[in-house]
Asker: 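I'd like to ask you about the structure that follows.
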Amino acid sequence: MHTNYITMGRLKLIMALVSHYKYAITIVVGILLVGFVDENSFMHRVQLEMQISDLTDEIQRYNKQNEEDLKQLKDLRHDSKAYEQIARERYFMKADDEDIYVLSDDEKPANINNETNE
């Protein structure tokens, strides 16, 4: 019986606080909803801004690549030596009187299982 009075007292105290600060509670809950839960929340907006930044960087990279490709295309149209240069650099083609040496920066694995060692 005594716990019911304590519970009722706490409930009345909570109701008194809610009724006294109802506008402040409403404002705080509204800010939390708009700031974090809503579809147009602050966090979602920050994520979209980061995505826009990444996409802008990607656009710049593609524009730079496009400029380089246009320059190379222009060189191909005006200079017959450009074909030879591309064939040598990309496809490792060579003239009959040439030798090509390909130098690699690839590292070999440290632990190679060699059957002759076992």
Side-chain angles (χ1 to χ4, degrees):
M1 192 84 150
H2 186 5
T3 57
N4 287 341
Y5 289 122
I6 294 174
T7 307
M8 291 298 283
R10 287 183 184 170
L11 185 61
K12 286 183 181 180
L13 178 64
I14 291 172
M15 292 303 290
L17 287 174
V18 167
S19 66
H20 190 335
Y21 295 108
K22 60 185 169 190
Y23 296 114
I25 292 171
T26 304
I27 290 171
V28 169
V29 169
I31 289 172
L32 289 175
L33 284 175
V34 171
F36 298 103
V37 178
D38 190 33
E39 181 180 310
N40 299 320
S41 69
F42 178 73
M43 290 174 44
H44 186 68
R45 187 175 178 103
V46 169
Q47 289 173 348
L48 290 176
E49 290 293 329
M50 289 174 33
Q51 186 177 5
I52 288 171
S53 175
D54 291 342
L55 291 173
T56 303
D57 293 342
E58 191 174 340
I59 287 171
Q60 290 174 352
R61 189 178 78 237
Y62 284 133
N63 283 336
K64 182 180 176 184
Q65 182 180 353
N66 185 33
E67 289 174 10
E68 291 171 0
D69 290 344
L70 287 175
K71 181 181 178 283
Q72 189 175 25
L73 184 61
K74 181 181 173 187
D75 290 343
L76 285 172
R77 288 184 180 158
H78 298 298
D79 187 16
S80 62
K81 299 273 185 184
Y83 287 110
E84 292 178 20
Q85 181 182 0
I86 290 172
R88 287 185 174 135
E89 289 176 357
R90 290 189 185 173
Y91 304 110
F92 303 112
M93 294 182 164
K94 64 179 184 91
D96 291 335
D97 60 345
E98 292 180 328
D99 290 326
I100 294 180
Y101 299 97
V102 179
L103 304 175
S104 176
D105 291 340
D106 296 341
E107 294 181 20
K108 293 188 178 186
N111 55 355
I112 298 176
N113 292 333
N114 193 350
E115 292 179 8
T116 59
N117 291 340
E118 293 179 359

Asker: Quick one: pull up OG1 in T26 and CD1 in I31 and give me the separation to the nearest 0.5 Å.
Answerer: 11.0 Å

Asker: Strictly distance-based, threshold 3.5 Å: is any side-chain N or O of S53 a donor or acceptor partner for the main-chain N or O of E49?
Answerer: no

Asker: About how many Å separate NZ of K71 and CG of L76, when rounded to the nearest 0.5 Å?
Answerer: 10.5 Å

Asker: Going from CD on Q51 to CG on L55, what distance comes out if it is rounded to the nearest 0.5 angstrom?
Answerer: 5.5 Å

Asker: Do T56 and I52 touch side chain to side chain, with heavy atoms closer than 4.5 Å?
Answerer: yes

Asker: Please report the shortest heavy-atom distance between V18 and I25, naming the atom on each side.
Answerer: CA-CD1, 4.0 Å

Asker: Look at the side-chain heavy atoms of Ile, Leu, Val, Met, Phe, Trp and Tyr, link any pair under 4.5 Å apart, and say whether I27 and F42 land in one connected group.
Answerer: no

Asker: Could you grab the distance from atom CG of L48 to atom CE of M43, nearest 0.5 Å is fine?
Answerer: 12.0 Å

Asker: Could you measure the distance from the CD atom of E67 to the NZ atom of K64? Nearest 0.5 Å is fine.
Answerer: 9.5 Å

Asker: Would you say R61 has more than 12 foreign heavy atoms packed within less than 6.0 Å of its CZ?
Answerer: yes

Asker: Quick one, D69 with Q72, criterion side chain to side chain contact (heavy atoms under 4.5 Å, CB included). Give me CA distance, side-chain angles, the key distance, then yes/no.
Answerer: CA-CA 5 Å; D69 290 344; Q72 189 175 25; 4.2 Å; yes

Asker: In this structure, are over 12 heavy atoms from other groups packed under 6.0 Å from E68 atom CD?
Answerer: yes

Asker: Would a single hydrophobic cluster contain both V29 and L17, if residues Ile, Leu, Val, Met, Phe, Trp and Tyr are joined by side-chain heavy-atom contacts under 4.5 Å?
Answerer: yes

